[in-house]
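Reviewing the structure listed below.
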There are 2 protein chains.
Amino acid sequence: MAKQNTVFKEAFNRCLKLLAETATLPSEPELGTVLGVSRTTIRAILTRLEELKLITWDKRAKAVLRQPEPADYYPAEETDSLSDIIERSFMRRILAGGAEPGMQINELELARDIGTGTTSVREFLIRFSRFGLIEKRPNSHWILKGFTREFALELTEVREMFELRSAHSFVALPEDHPAWAELSRIEALHHEILGDIDRRYREFSELDERFHRLLHKSSSNRFIVDFYDIIAIVFHYHYQWNKANARERNARALEEHLAYIAALRGRDPVKAEDACRRHLRSARETLLQSIQ
Amino acid sequence: MAKQNTVFKEAFNRCLKLLAETATLPSEPELGTVLGVSRTTIRAILTRLEELKLITWDKRAKAVLRQPEPADYYPAEETDSLSDIIERSFMRRILAGGAEPGMQINELELARDIGTGTTSVREFLIRFSRFGLIEKRPNSHWILKGFTREFALELTEVREMFELRSAHSFVALPEDHPAWAELSRIEALHHEILGDIDRRYREFSELDERFHRLLHKSSSNRFIVDFYDIIAIVFHYHYQWNKANARERNARALEEHLAYIAALRGRDPVKAEDACRRHLRSARETLLQSIQ
DNA sequence: AAACTGTCTATTGTAGATAAAAGACAAAAA
DNA sequence: TTTTTGTCTTTTATCTACAATAGACAGTTT
């Protein structure tokens, strides 16, 4: 196959959900906007819906025949984009497996392992290299620099510089800036999760990213904003493979966030900086502890 | 062609220079180390040298028959790696040509323009995207964000944070650290160039990069070190297409560097910070002036 | 014994091909 | 007149193939 039709399958599944909710379908361009795909894909979806006798379709007349059933959906494995599959597979190898720093990474072997072409693996590695975990020897292999203590320290050093700067920008944001409303929503979610921490502590990871991205965004600096991608990917996989004491860790982080949010609200740069430092110090400790 | 033999041609040219200097050739593995290529390539070079009747070659017996002539060298156009060609061509388009922010970038068109396959263009764009000047729409084109005033401000903001931090690390380096010796060599070169500024002002660009990279390296932080790649590429092309007042600009920057170097030598963090700020402020002004 | 050469294999860099997806434009419908 | 559909073209994502390059190993030379 030249290209996998994951865009179609994933959009098809979302279209089924839409159908279950609304029981009616808008025009092709409108559907395209809603699902975020081109009209070509929309027409492929409509064709498939017709084949499955979910709808009848003739020009702009679209009649729903029946509600979608679980069997109508494409299985989840088929809707993941190739680059997601490669990323997951690669991260498992270097974070979970016993991957030693200095190890060679071989495009061909990776591709065979994952069952994909070399081009996609190669492009993934190029994209991934900006995270500073691998390095290319031209005309030869890649070198794994490893998820080491040094890496974590270098990462957090920059993170602290960037987030302090962002926190300063944040408190200077005008009263009516939408970030304040978003901050309130985030704060409310913190209280919700803390109120039912035993059951909901796993939601922290996502909320954490949402909170810190909001802060970084207020720097209005693409390099600072983009740097959060590195932090996010590290923490994302780190949380997945390090579940020890997750409940306590997350509860503490949530409390720290609340103090941090309160300080931001107070518009006091010094207090905000203080809360920021305190939280980042403890985040760094958590990360370092998990490494060895 | 599947792969261009620019590695061979470029190494061949360097080997000719070596031959002109030493008039004798070491063993294959040793040549490989000197030229930084594999023995496979070395043997291809030796074969070619023999064909051109520059040497006789039988196992380890290599006798030089004559000195290389200009005609023996491969022309410079053939020794540039494909990615360099693509980079130059792309940078000319977006810096020199009237490329508007928001413009679409089309892989196929770029490839046709440069006369290369799409794969290489695509990989270049992925690698280049970390510089924050372009952005991908998945399944669709790239967007040029443009070399704008905002870009320059965001770039210099981070640069200043990183370089201040690096300058602080630098003054704390132990007395016997090799960086101090390199700093002296760099300082001497500054005096040399300033002494003959009218003729040698063009050498500033390279020296500037060498000086700042030395500083950034002392941070021992891969993110800070890697960030200099962005600064380097921006200034590199910026110097190429903006030659107005180059002599005066460079002379002033050299003086600033000397003050900066003296402050670093004094091991006084406050003075070093001061000199650093002063130089970076003027570097920013220079960059901003050239944008509009 | 250490280094070198001959030979062979494996991997990378790049082009070319192709299905999937995007998107352009004219004709048709509201 | 604005939106929608039918049709067609262009571009992207991905695979496969292959020359260039790296690298391994055994036999040979110093």
Side-chain angles (χ1 to χ4, degrees), chain A residues 1-11 26-32 35-46 57-62 81-83 85-86 104-112 115-126 136-142, chain B residues 1-11 26-33 35-46 57-62 81-83 85-86 104-112 114-126 136-142:
Chain A
M1 318 133 245
K3 201 175 181 177
Q4 322 208 225
N5 55 351
T6 53
V7 171
F8 159 72
K9 287 179 177 171
E10 199 268 341
S27 74
E28 296 172 18
E30 199 176 327
L31 249 182
L35 296 176
V37 294
S38 77
R39 202 156 68 81
T40 306
T41 303
I42 291 298
R43 289 172 67 87
I45 291 172
L46 290 173
W57 174 37
D58 180 49
K59 299 187 179 174
R60 49 197 82 192
K62 304 182 197 80
S81 87
L82 189 48
S83 46
I85 294 172
I86 295 176
Q104 295 184 7
I105 298 166
N106 182 309
E107 294 174 5
L108 198 56
E109 187 192 324
L110 256 179
R112 274 192 299 245
T116 177
T118 48
T119 316
S120 318
V121 169
R122 205 177 150 77
E123 288 182 3
F124 166 77
L125 290 172
I126 295 172
K136 178 139 194 62
R137 294 294 136 93
N139 286 307
S140 185
H141 50 259
W142 293 80
Chain B
M1 313 133 248
K3 200 176 181 176
Q4 322 208 226
N5 55 352
T6 53
V7 171
F8 159 73
K9 286 178 177 170
E10 199 267 342
S27 73
E28 295 172 19
E30 199 176 329
L31 251 183
T33 313
L35 297 176
V37 295
S38 76
R39 202 155 69 81
T40 307
T41 304
I42 292 298
R43 288 171 68 86
I45 291 173
L46 290 173
W57 174 38
D58 180 48
K59 300 186 179 174
R60 51 197 81 188
K62 303 180 197 81
S81 86
L82 188 48
S83 46
I85 295 172
I86 296 175
Q104 296 184 6
I105 299 166
N106 181 309
E107 295 174 4
L108 199 57
E109 187 192 323
L110 257 178
R112 274 192 300 245
I114 303 174
T116 177
T118 48
T119 316
S120 319
V121 168
R122 203 176 151 78
E123 289 182 3
F124 166 77
L125 291 172
I126 295 173
K136 179 138 193 64
R137 293 294 136 94
N139 286 309
S140 186
H141 50 257
W142 293 79

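Quick caveat, the model's predicted, so the values are computed rather than measured. Per chain, numbering begins at 1; letters A, B, ... match sequence-line order.
Side-chain atoms of Thr116(B) lie closest to dA15(C) of the nucleotides dT21(D), dT16(D), dA15(C). For Val37(A), taking side-chain heavy atoms from C-beta onward, the closest of the listed nucleotides dT4(D), dA22(C), dC25(D) is dA22(C). Proximity note for Lys62(A) (side chain, C-beta onward) versus dA22(D), dT5(D), dT12(D): the nearest is dT5(D). Of the candidates dG23(D), dT5(C), dT11(D), the closest approach to any side-chain atom of Leu108(B) belongs to dT11(D). In this structure, of dT21(D), dA22(C), dT14(C), it is dA22(C) that holds the atom nearest to the side chain of Ser38(A). The listed nucleotides are dT16(D), dT5(C), dT11(D); the one nearest the side chain of Ser27(B) is dT5(C). In the set dA22(C), dT16(D), dA22(D), dA22(D) carries the atom at the smallest distance from any side-chain atom of Val7(B). Nearest nucleotide to the side chain of Ala2(B), out of dA19(D), dC15(D), dA20(C): dA19(D).
At whole-Å resolution of the value, CG in Leu46(A) and P in dT4(D) are 13 Å apart. Distance CD (Glu123(B)) to C1' (dT12(D)): 14 Å, rounded to an integer number of Å. Separating the CZ atom of Arg137(A) from the C1' atom of dT11(C) is a distance of 16 Å, rounded to the nearest angstrom. The distance between atom CD of Glu28(A) and atom C1' of dA24(C), rounded to the nearest whole Å, is 15 Å. For Asn106(A) and dG23(D), the CG to P distance is 11 Å, given to the nearest whole Å. In this entry the distance linking CD1 of Ile105(B) with C1' of dT11(D) reads 14 Å, nearest Å. As a whole-Å value, the separation of Ile45(A) CD1 from dA20(C) P is 14 Å. The CD1-P distance, from Ile126(A) to dT12(C), rounds to 12 Å in whole Å.
For the pair Ile105(A)/Leu110(A), a side-chain contact is recorded, criterion being any heavy-atom separation below 4.5 Å from C-beta on. The shortest distance between side-chain heavy atoms of Ser27(B) and Arg60(B) does not fall below 4.5 Å. Side-chain contact between Val121(B) and Ile86(B): present, with at least one pair of heavy atoms (C-beta onward) separated by less than 4.5 Å. Counting heavy atoms from C-beta outward, Leu46(B) and Glu28(B) have side chains that approach closer than 4.5 Å. Counting heavy atoms from C-beta outward, Trp142(A) and Arg122(A) have side chains that stay 4.5 Å or more apart. Here the side chains of Glu30(A) and Ile42(A) are not in contact, with every heavy-atom distance at 4.5 Å or above.
For Ser120(A) (side chain) and Thr116(A) (main-chain N/O), no donor-acceptor pair under 3.5 Å exists by modelled atom type. No donor-acceptor pair under 3.5 Å is formed between the side chain of Asn5(A) and the backbone N or O of Phe8(A). Looking at Asn106(B), its side chain does come within 3.5 Å of a backbone N or O of Glu109(B) through a donor-acceptor pair.
At a threshold of 4.0 angstrom between heavy atoms, the contacts of Ser140(B) are confined to the sugar-phosphate backbone, with no base atom among them. Residue-level contact check: Arg112(A) touches the backbone only, with heavy atoms under 4.0 Å from sugar-phosphate atoms and none from bases. Backbone-only engagement by Thr41(A) is indicated by non-hydrogen atom pairs under 4.0 Å involving sugar-phosphate atoms exclusively. Contact annotation for Glu109(B): no contact, since no heavy-atom pair falls under 4.0 Å across all strands. At a threshold of 4.0 angstrom between heavy atoms, the contacts of Lys9(A) with the nucleic acid are absent.
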So which protein N/O to nucleotides 27-30 of chain D N/O distances come out below 3.5 Å?
none

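Along DNA chain C, the nucleotide nearest Thr6(B) and the nucleotide nearest Gln104(B) are compared for position; the residue whose nucleotide lies closer to the 5' end is Thr6(B). Place Asp58(B) and Thr40(A) on DNA chain C by their nearest nucleotides, and Asp58(B) ends up nearer the 5' end. Mapping Leu82(A) and Lys3(B) onto DNA chain D by nearest heavy atom places Leu82(A) closer to the 5' end of the strand.
Contact between the side-chain N/O atoms of Arg122(A) and the OP1/OP2 oxygens of dT12(C) is not found at any separation under 4.0 Å. At dG23(C), one or more side-chain N or O atoms of His141(B) fall inside 4.0 Å of OP1 or OP2 (strictly under the cut-off). Taking only side-chain nitrogens and oxygens, Arg39(A) never comes nearer than 4.0 Å to OP1 or OP2 of dA22(C). Contact annotation: Thr118(B) side-chain N/O to dT12(D) OP1/OP2 distance is not under 4.0 Å. Contact check, Asn139(B) against dG23(C): no side-chain N or O comes under 4.0 Å of OP1 or OP2.
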